[in-house]
Amino acid sequence: MSTDNLLFAKTHEWVKVEESDGAKIATVGISAHAIEALNDLVYLELPEVGKEVTAGESFGEIESVKAVSDIYAPVSGEVIEANSALPDNLDSLHEDAYDNGWIAKIKISDDSALADLMDKAGYDKMCAEEG
Amino acid sequence: MTTETLKKTPLYDWHAANGGRMVDFTGWSMPVQYTSIIDEHNATRNAVGLFDVSHMARFRFDGAGALELIDGLVTRKVADLKPGRIRYGLVCKEDGGILDDILTYHLQDRQGKSYTWMVVNAGNREKIAAWINARLPEEVTFTDYTEKTAMIAVQGPRAMAIAQELIEGDISELKYYQGREATILCHPGLVSRTGYTGEDGVELTVPAENAISVWEALHVAAAEVGGHAVGLGARDTLRLEAAMPLYGHELSEEITPLQAGLGFAMSWDHEFIGKVALEAIDKDSLPVRVGLVMQDKRVPREHYPLYVGDQQVGEVTSGSQSPTLGMPIAMGYVAPQFSAEGTLIDVDVRGKRLAAKVVPLPFYKRK
């Protein structure tokens, strides 16, 4: 999948926003950069479907051998779907962070948080600066 | 601390040029991994792993009375160490708390003159140097060789063969916890059959200026058998599986050797700092170091609380996914009544109570 129309959070989640029946749906995953940094993935906790999440707050967790990291909701809204196949196929995230690697879909209730997200170029620049 | 102020080992440039992801480890810029912790871990268990352990402190003591000096500072008797022998021991405070775990070597130089060598944890270098200097008799000279030398651990079933390629003389004659001076790639150095992975192997100490050439020669030989350079990440999973304690985790100034499961490192038939306090402690009341295997996929991490029912019974000191066992494992301290094999203990994983079982240590023992 092309990363051209994705948005990125400072906390390394990617977001793809699509319109469906007049609602804005955000598909959310973890960037390839973050997957590579986490490296040896051992566990993913998906958000619960039906849960109301708030932009900037933890809504999932991912464990590598080295550490556990929160996954932050990049937008506010209701989780309408979670990628239940993903926790058993974490290695596939290394090949495909942006397509089959999606984690959850959020029906956006308030799109103001979208303004805080970066485009790919801005995100790449941030990663380069972080080293 | 910024990267500029971090200390660098003589192998720093190699790590940086070969994919080492560098992190601050007790003031040293060290590689946490090159490819993947699991790959590096498995390379060590199955073939050979190369570890830059130059950040660990190396001290030399010359003069009569050096071994006797150290004998009075460690829990394990070392005054009777024969030349070529190495012993693990703990340096304790007066109250029995652990200042460090160290290795004491009795070595001989090429002229047959005895000297004493000591390897100390990187983060405890200044503390232990000060502890020793305050007690140093006039006839003993203390020299810190940490930055004049590099130390490379070669570990795994192929380690002895790989290391032998660089070393003059048969190293297979060295038994576990023996060491000697050696000619390594035509230069003077030390070889000891020691390590921190649960595998067979050696640790080589060489002058700093020879570090890169020795490392590269080892690396070429290792690569031929599926070996790999290994970072601190896999060093930690390897030693955790082997249930070796790590200072700052299982060992600290607040922990005594009595509870750390290190009975083998105690000899009560000599005098050492902390002995009086340790003898006075009621051993049966102390928390006990145990092994835990999770009954779930979540990984127990340092400081996660341990519960039985609503009662907190201890804390995790080290935890990780075990690459060899394919499940999450941990060490921790628990109240003695919950330390029996098979006891079910809940680990508080970020607010969720998940079951773990007490198992005997080590988690992994080489065949």
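All chains are named by letter (A, B, ...) in the order of the sequence lines, taking the proteins before the strands, and each is independently numbered beginning at 1. This structure is a prediction, so every number in the text was calculated from the model and none was measured.
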salt_bridge(Arg350(B), Glu45(A)) N-O dist < 4.0 Å: no
Closest contact, heavy atoms only, Val65(A) versus Arg301(B): O-NH1, 3.0 Å
Give a yes or no on this: more than 12 heavy atoms of other residues, nucleotides or ligands lie within 6.0 Å of atom [atom1] of [X].
{"X": "Arg158(B)", "atom1": "CZ", "result": "no"}
{"X": "Gln312(B)", "atom1": "CD", "result": "yes"}
{"X": "Glu52(A)", "atom1": "CD", "result": "yes"}

Closest-packed option against chain A by number of heavy-atom pairs under 4.5 Å, given Ser320(B), Ser36(B), Gly319(B): Ser36(B)
Check against side chain to side chain contact (heavy atoms under 4.5 Å, CB included), Glu61(A) and Arg298(B): CA-CA 10 Å; Glu61(A) 295 178 32; Arg298(B) 295 306 300 264; 2.5 Å; yes
Flag side-chain contact, heavy atom, 4.5 Å: Gln321(B) against Asp40(A): no
Flag side-chain contact, heavy atom, 4.5 Å: Val349(B) against Tyr43(A): no
Contacting moiety of Thr35(B), where chain A heavy atoms sit under 4.5 Å: backbone
Residue Arg21(B) versus chain A: region with a heavy atom under 4.5 Å: side chain
